[in-house]
A.B. asks: 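Right, I'll just put the structure down here and ask away after.
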Amino acid sequence: MPDLGEGAILIWLKEGLEPRMGQFGAKPDGVDPRPVSWSRFDLALSFAMHDPRTDERLPWIKTGGRVIRPTELRAMFGAAEGLLG
């Protein structure tokens, strides 16, 4: 698991899509809503797992040089649920 205190960027992509180079940038084309920067990975993870979704978008988080897939995020959240708010 990444350092919980490390900064992170959260994006939402339609199910079945994977992020392309540059989609975690400040104003990439074709990403809606825009990426959101978080000061801490744990906050981004908690938000992504608690956000009520009404569409087919899934969360992807980049922290450091690593891009974390939705399936990995769910597993990390389950393992760290007691540590997260």
Side-chain angles (χ1 to χ4, degrees):
M1 178 177 296
D3 178 356
L4 296 178
E6 188 173 9
I9 300 172
L10 169 64
I11 64 171
W12 297 88
L13 296 176
K14 187 173 179 177
E15 189 172 357
L17 296 179
E18 293 193 10
R20 294 183 315 271
M21 182 98 149
Q23 282 190 293
F24 286 95
K27 295 184 180 190
D29 293 331
V31 177
D32 189 34
R34 300 282 188 227
V36 177
S37 294
W38 292 81
S39 60
R40 297 176 52 96
F41 171 75
D42 60 340
L43 297 176
L45 177 61
S46 183
F47 178 81
M49 295 296 105
H50 286 106
D51 185 47
R53 290 184 295 282
T54 58
D55 57 19
E56 298 175 357
R57 294 177 305 137
L58 297 174
W60 291 76
I61 295 178
K62 180 179 180 187
T63 183
R66 180 177 177 195
V67 175
I68 306 169
R69 309 174 71 78
T71 53
E72 291 179 272
L73 293 172
R74 282 191 293 274
M76 287 178 187
F77 183 72
E81 197 166 9
L83 303 173
L84 303 173

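In this chain, numbering begins with 1 at the start of the sequence shown.
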A.B. asks: NZ of K14 to CD of E56: how many Å apart, nearest 0.5 Å?
C.D. replies: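 If I round to the nearest 0.5 Å, the distance is 5.5 Å.
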
A.B. asks: Answer with yes or no whether the hydrophobic clustering places F41 together with V36; edges join I, L, V, M, F, W, Y residues whose side-chain heavy atoms lie under 4.5 Å apart.
C.D. replies: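 Both belong to a single hydrophobic cluster.
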
A.B. asks: Give the minimum heavy-atom separation between I9 and P35, together with the two atoms involved.
C.D. replies: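 Taking every non-hydrogen atom into account, CG2-CB, 3.6 Å.
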
A.B. asks: For M49 and P59, which heavy atoms make the closest approach, and how far apart are they?
C.D. replies: CE-CG, 3.9 Å

A.B. asks: F47 vs W38 aromatic rings, parallel, tilted or perpendicular, using cut-offs 30° and 60°?
C.D. replies: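 Aromatic pair F47/W38 classed tilted.
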
A.B. asks: Are L58 and I61 connected, step by step, through hydrophobic side chains (Ile, Leu, Val, Met, Phe, Trp, Tyr) whose heavy atoms are closer than 4.5 Å?
C.D. replies: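 Different clusters.
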
A.B. asks: Are any of the side-chain nitrogens in R66 or E6 under 4.0 Å away from the carboxylate oxygens of its partner?
C.D. replies: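 E6 and R66: not salt-bridged.
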
A.B. asks: Inspect the surroundings of CD in E72 and state if more than 12 heavy atoms from other residues, nucleotides or ligands are less than 6.0 Å away.
C.D. replies: yes

A.B. asks: Per the side-chain contact (heavy atoms from CB on, under 4.5 Å) rule, which among L45, L73, L10 passes with I68?
C.D. replies: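 Single pass found, and it is L73.
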
A.B. asks: Give the minimum heavy-atom separation between W12 and R57, together with the two atoms involved.
C.D. replies: CB-NH1, 3.3 Å

